[in-house]
Amino acid sequence: MKRIIGGLLLLLLSHLALGQVERGNILIRGGTVLTVTNGTLEGTDILVKDGKITQIGKNLTIQAGIKVIEADGMYVMPGIIDAHSHIGIDALNEATNPVTAEVFTGDALNPFQIGLYRALGGGVTTIHAMHGSANAIGGQCETIKLRYGVKDPEALRMAGAPRTIKFALGENPTRIHGSWNSIVPRTRMGVEFVIREALSKGKEYNEEWGVYNKLKNQKGFRGKAPEYSARLETLGDILNGNIIIHCHSYRADEIYMLLKVCQDFGIKKLVFQHVNEGFKVAPELANFGAMASVFADRWAYKFEVYYSTAYNAAILTKNGVTTSINSDDPELMRHLYHEAAKAEKYGALSDDEALALITLNPAKQLGIESRVGSIEVGKEADIAIFNGHPLSSYAIPMITIVDGIIRFDRDKDPDDVRIYVDPNQELDVSFKESGYDNVDNCMKDALQSFADFFETN
Amino acid sequence: MKNACINYVLKTVVFVLLGIFPGSLPAQIERTLNPVSGTYAITHVNIVQAPGRRVDRGTVVIKNGLIVAVGNDLKIPQDAIEVKADSMFLYAGFIDGLSHAGVMKAKDSPSKERIKDPGNPPADRAGIMPQNDVRDFLNIGEKSIESFRALGFTTAHVVPYGGMLPGSSAIISTGGKSADGMVMLPQYALYSELAIADRVYPSTVIGVMAKWRELYKQASLAKSYESIYASNRSGLVRPAEDRILAAFYPVIDKRMPVLFKAEKVLDLHRVLALQSELGFPLILGEVKEGWDVITKIKSSGAKVFLSLDLPEERKLETGSEKQKEENNKTAEDIEKTALQKRRSDFIALYEGQAYSFQSAGIPFGFSTLSAKPADIVSNIRRMIKAGLTDDQALAALTVVPAKILGLSDRLGTVDDGKIANLVISDKAYFNKDAKVRYVFVEGVLYEIEHRQDDGTREVRKSE
């Protein structure tokens, strides 16, 4: 018996060491709970066990030893979810080819980026760490939880979250591949061609392997397997419905184009990113079942983004499109609740509709709405606590909880939260420019590599 | 009388600018003529046969490149050249687990010209050359060979330069008459780095990871089709010849390990992720930030070579000029002190890495890929200061790497029958004043000479 227990303990320990996720028990007492799916509950307790919400109600009784957060006078909302981000990863644009479906940001997770902690400081608990927009079909993306403090990149993954992939339309892929490298796509027509061609190849690939896998099991079969391609296999998986497309897009015409392409290939899981002209095709998006992740009021940083409006989120919402507000930026990410409030102000949304823009709706877009995005019994305890209503410009995020573990506490906010320290770093305590230059963050890596290119050539 | 022969060798002198020990510049004397005898007797020397196994004032007799006798009161053969090593210390030659010693960069480095289609570059531009063999790039005249030999390294696991898959490694001796003559074991491991290509695919680590998996899976399929074909060729399409994929075959068969450079903590996680997915035998080389990955490395079964490179030592600024009172300190002073402390605490983790592997019971050797020869001995001393014992450090330079590389029958200890790779220092090797005096590589004597600061040579007179 002892040996069995010892073995189990060992197993447990080895799991912990191998990036197993830490989950906590906690009681959040007496807060104003913004459930998002079930209205606002005053003076309500939330009990969390083993990282999940087990009870919501008044005056809950608990076992001794469970940590209690007194939330009297505070507002308790689901952890904010950012459906478009590029932090927590070391590489984001394999900008050398118009189609790179095989690459995966989850291979470059970096749990040591301080941006993850700063995002927690803005109430964010889950982000979509995306490939950039250099390529018509970019890489696969990873949905991660902001468990800042873990040292194993595996522990950042939201295990079980659906696979997603980045597509990109318009100026970025045509500039990188067409203008700079003189290869297809140079135009929006070219982008459509590249996507259609890639998906067609993925279809053929599925068929070839389907035939081979059938024959392979027949007795006495001696044949050659089709050539393995990680790229075509991924494209085939999109066609099989195993991967959600998240497509960088601005103009209504190209959004409508991709709807038609997906229709032709029988693809149903489709989310548009940025979608500045989404308001022009809102009924079409709703009809298709495509979703939209937008900025509240950010535009005019390049030609294709001039025709924009702060009413976009509201128009999309009122037309029945599942809409979220994203950051695409480590700074904006820290006040997504302001962005939601702007959309509410402009478009006269309800509080719940506005909150859903940064919680439940991005969860739906990432296919994780059964696990996170609202405060409900059975959901994972990803919770943000504010000292005022989060849609008020005066509210400050106080505590952020992921899986029942406090990952940010404003009252215990250390000066130096670095996990790994560069031993060769020269120390400079003077204020430095952040390097933030308001460019399209989707183009990181791509811009850099091509800047290098022009310098060296 | 026999010592006259050493004088004879002194005729050709090669200086190597090294500065292993502060205040001195060692030089090395290389023989250009064959010695009159292949038999040597190193006498009155403190022999550390293996960590914890010592013979004081003993004799080591070597003949034709092998150790033939070790002990006290040995009869010195008639034809032996005597190397008088009174009060000196003798150890088995050191083994370097991952190195570029003696390796030239490819003669025709890939052209820097712009590739028309950067998504489909030629394999050499992409850094995918696993069919390369480090033997084709070995050069006995490379200065690095002398530098490492002067430190006592007599064996090195060397790899070619370039890209994510630069080619296969070899285990070499740090001396020999020709490039091939140095090679003990060719094609020992398939060498790999998470190295990106220059402005062509794969230009990011995510591209490298995807390409690695794809090549491995393609190779697995190609290999299994080759075996189907070999069993009965009739009626089957001839398998395509592909040297890149074929380079993976011995790895897939687990006959050859992949040697992965994994310096940083995230490199380690990424390499271990590839290994757990694909299941190849793995050697981790040049590990610098492994302390948080110990459990994962242990359960992966990977073999480990820790880097002999360390971050520069930083002294905490005590603020002695100002001697500020606690309440006189500005916020900036306090922040600066805290940051300095954080940095020096972190440097201590690098210094303590070897000790933490030792404590966790993971056998490890050392590697020198990015280490400066001049820093290596002082870096080992920093690791010893951080907890490693002298014996453990010696083990990581000798018996453990011999075992990891499967060479225990030939290398790693001073015992008769083993290859005569020896290092002899005037004091115990890890003593800060110690200087290496002689190195034997497969029975060939190299006398190491040290120059004083003022440029005068400290020539050792032989009576």
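Order of the sequence lines fixes the chain letters, A, B, ..., with proteins taken first and strands second; residue numbering starts at 1 for each chain.
By number of non-hydrogen pairs under 4.5 angstrom with chain A, the leading residue of B/M209, B/Q218, B/E312, B/R343 is B/R343. When the candidates A/K224, A/Q425, A/E233 are compared by the number of heavy-atom contacts under 4.5 Å with chain B, A/K224 comes out ahead. Between chain A and the residues B/D198, B/D292, B/V237, B/I347, the most heavy-atom pairs under 4.5 angstrom are made by B/D292.
When heavy atoms are compared at a cutoff of 4.5 Å, B/Y201 approaches chain A by way of both its backbone and its side chain. Heavy-atom distances place both the backbone and the side chain of A/N424 under 4.5 Å from chain B. For A/A225, the part lying near chain B is the side chain, with the backbone staying farther off; criterion is any non-hydrogen pair under 4.5 Å. Interface remark: A/Y420 contributes backbone and side-chain atoms alike to the contact with chain B (heavy atom separation under 4.5 Å). For B/N232, the parts sitting under 4.5 Å from any heavy atom of chain A are the backbone and the side chain alike. If you measure heavy-atom distances from B/K298 to chain A, you find no contacts under 4.5 Å at all. Both the backbone and the side chain of B/I228 have a heavy atom closer than 4.5 Å to some heavy atom of chain A. Using a 4.5 Å cut-off between heavy atoms, B/V205 contacts chain A through both its backbone and its side chain. When heavy atoms are compared at a cutoff of 4.5 Å, A/S229 approaches chain B by way of both its backbone and its side chain. The part of B/R270 that comes within reach of chain A is its side chain, from C-beta onward, which places non-hydrogen atoms under 4.5 angstrom from that chain. In this structure, chain A has a heavy atom under 4.5 Å from the side chain of B/V265, while its backbone stays farther away. Interface remark: A/D422 contributes backbone atoms only to the contact with chain B (heavy atom separation under 4.5 Å).
Side-chain polar atoms of B/E263 and B/S307 form no donor-acceptor pair below 3.5 angstrom. Using modelled atom types, one finds no donor on one side chain facing an acceptor on the other under 3.5 Å when comparing B/E214 with A/Y228.
Within 6.0 Å of CZ on A/R222 lie more than 12 heavy atoms contributed by other residues, nucleotides or ligands. Around atom NZ of B/K217, more than 12 heavy atoms belonging to other residues, nucleotides or ligands sit under 6.0 Å away. More than 12 heavy atoms of other residues, nucleotides or ligands sit less than 6.0 Å from atom OH of A/Y205. More than 12 heavy atoms of other shown residues, nucleotides or ligands fall within 6.0 angstrom of atom CD in B/E277. By the neighbour-count criterion of 12 heavy atoms within 6.0 Å, atom NZ of A/K216 is densely surrounded, having more than that number from other residues, nucleotides or ligands.
Salt bridge annotation for B/D309-B/K288: present, with a cationic side-chain nitrogen under 4.0 angstrom from a carboxylate oxygen. Between B/E286 and B/K261, none of the side-chain N atoms (NZ, or NE/NH1/NH2) sits under 4.0 Å from a carboxylate O, so this pair counts as no salt bridge. A salt bridge is absent between A/E94 and B/K211; no separation between the charged side-chain nitrogens and carboxylate oxygens falls under 4.0 Å.
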